[in-house]
2 protein chains.
Amino acid sequence: MPGPVENPVDRAPTMADVAVLAGVSLSTTSLAFSGNKPVSDATRERVLAAAASLGYAGPNPLASNLRRGRSGVVGIAVGRLSTAFRDPAALPMVDAVSEVLDAAGFGLLLMGDDAAHARLPLDAVIYDICGRETWTSYDDLVARDVPMVVVEGPAWPGTTFIDIDHRGGARALARHLHDLGHRRVATLTLEPSHPQRGREAGLRDVFPQAEVIGACASDHDAAQALVSDYLATEPDVTAIVCQSDVQAAAVVLEARRRGLDVPGDLSVGGFDGVATPWLDLELTTVVQPLADKGRATAEAVLARIAGERVDDVELPVALRVGASTGPV
Amino acid sequence: MPGPVENPVDRAPTMADVAVLAGVSLSTTSLAFSGNKPVSDATRERVLAAAASLGYAGPNPLASNLRRGRSGVVGIAVGRLSTAFRDPAALPMVDAVSEVLDAAGFGLLLMGDDAAHARLPLDAVIYDICGRETWTSYDDLVARDVPMVVVEGPAWPGTTFIDIDHRGGARALARHLHDLGHRRVATLTLEPSHPQRGREAGLRDVFPQAEVIGACASDHDAAQALVSDYLATEPDVTAIVCQSDVQAAAVVLEARRRGLDVPGDLSVGGFDGVATPWLDLELTTVVQPLADKGRATAEAVLARIAGERVDDVELPVALRVGASTGPV
DNA sequence: TTGTAAGCGTTATCAA
DNA sequence: TTGATAACGCTTACAA
């Protein structure tokens, strides 16, 4: 009493089995499944019926992949997941990537530690630079001619580069603070990374002397610890510029913990424009188009897979004035 | 002036090209790369040298996959990323999955919307049930004989089931509250989902009459809105039990916003045991072994791929008493 | 619209 | 330790 009927031997049915049972050729059967060329309705129905009766679930992806030279899998290098996605800004971007790729029939494979991914069937790879500059897989992918798209990272040869206007955004925030009368400004930076450089440049366009408090990841605890030490020195600053909203939220809470009013005693600026629902005040921040960035990334990936030339992209950002900054 | 030398024709070099140049057979060349059988050092070096001079980057994964009947790709169905990973409890688990799979040479593919993944080369699929009960891909995967591992979801036929002791954990927290003298307890539940049921049962083991405030995702805003409305009715409760720490943190902040002291006026219990760094108080919560859950999941996946029989797993949880609960 | 036939680039079996 | 050979299951010219 087998589920699928008439399976001649003890192995999974193949398209050839279906073809025989349907009484048509292998190529016609293939066309009936792929729709790549017209097949008469009668034939298609016969093929589908045969497939159903054999319990055939459609073309074997492994065989199809080899034949077509494509796996439908796109890798995304993010480092450790718990690090990469700790910052809520990472999600909307990857979400958008996934959505666009899904619609095109591609899947997104997380490359955590990127060694040993050499044997995986990847049609393209996205490097989403989260505080890292080097990836061991890069050379290998170059050798294999796998298209690469780099987000906010160094412009490695042969890669397509998706970025936002870090410098312009940072400068807009700095000007906003300058307009409010701030002159003594300090900044919390990201760990050495590519975005870092443009943002610091933007800040220094307005405040050449801005003091660097220290560098840390976009992580509440790390930012809080750094700022706590800094504020303990009773510094002579009226504003602190952060490189993410998570950092900024931590700074606001820590400032309050030390009896400072925000923005009365201290103005705090963020970056990203993500929600910080646990904070009862809207941050002044540089809003970046996270979903657009993800879509641009995915579209670049698809174009590169299709063999097209793709230009680098730089997306605009926008200052959003909230309640965490005010006059000196 | 080509980079790779001696490429006879205009196409990527194959293992056969390497074999010819090295003066050995195709099968020996394959062994030199895979190490599946011993090859003399001299031969291996000759092969590797030939590969290097041709710019051959190793066996084509697509061909290797077909021949071996494996892709090295494991899917994980999480729904929308921004939803699935909004709760920090999701990360350590997926992180552990990824780590174990990586070490075994497998990659993790995110199945967002799970339609249309039928053509992807998946060796196994993990269903991490984040507030969903149905997945359209299930039937298809059954038909393809793809091993499935379900985390905290329904025990579908043919799947391996990884779970934690929801009921025991919820009961332990309830007893703790009962010991503190609480008698009037309300609960915030998850959207209808599998874990939900065991946890509510555990709560009712101790407080059969516990009132349900409402159901929402493990999301700060949602929980806050729900509890805000509830507290506005001036309910006669002394403790609120939540189904996640994110919910619990939101409840604490909202209670304070309304002038209630936690735990003086209201005790709040959580679930998961994740960090809530923006909260200045440690939550009383049911700690679940997130990394263990991930590892158990990945190990079940690997065993199923290897064709082994695998038993279902239920992991223990532990009550951690923090500062968000106290005597009535 | 359908059929024939030739690969896609490996790995595994078997024999030498 | 190495070599000859046969698949793996499908897609796509090309022909009919």
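Below, chain A is the first sequence line, B the second, and so on; all start at residue 1.
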Between B:S27 and B:S30, is any side-chain donor less than 3.5 angstrom from a side-chain acceptor? no

Donor on one side chain, acceptor on other, A:N65 and A:S71, under 3.5 Å: no

Regarding B:E99 and B:R295, does a basic nitrogen lie under 4.0 Å from an acidic carboxylate oxygen? no

Please find the pair of heavy atoms, one from A:P13 and one from A:Y56, that lie closest to each other, and give the distance. O-CD1, 3.4 Å

In terms of side-chain geometry, is the basic nitrogen of A:R80 or B:D102 positioned less than 4.0 Å from the acidic oxygen of its partner? no

Whole-Å gap separating P (C:dA12) and CZ (B:R70): 11 Å

For nucleotides 2-11 of chain D, read 5' to 3', which letter fits each nucleotide if B means a protein heavy atom sits under 4.0 Å from the base, S means only the sugar-phosphate is that close, and - means neither? SBB-BBBBBB

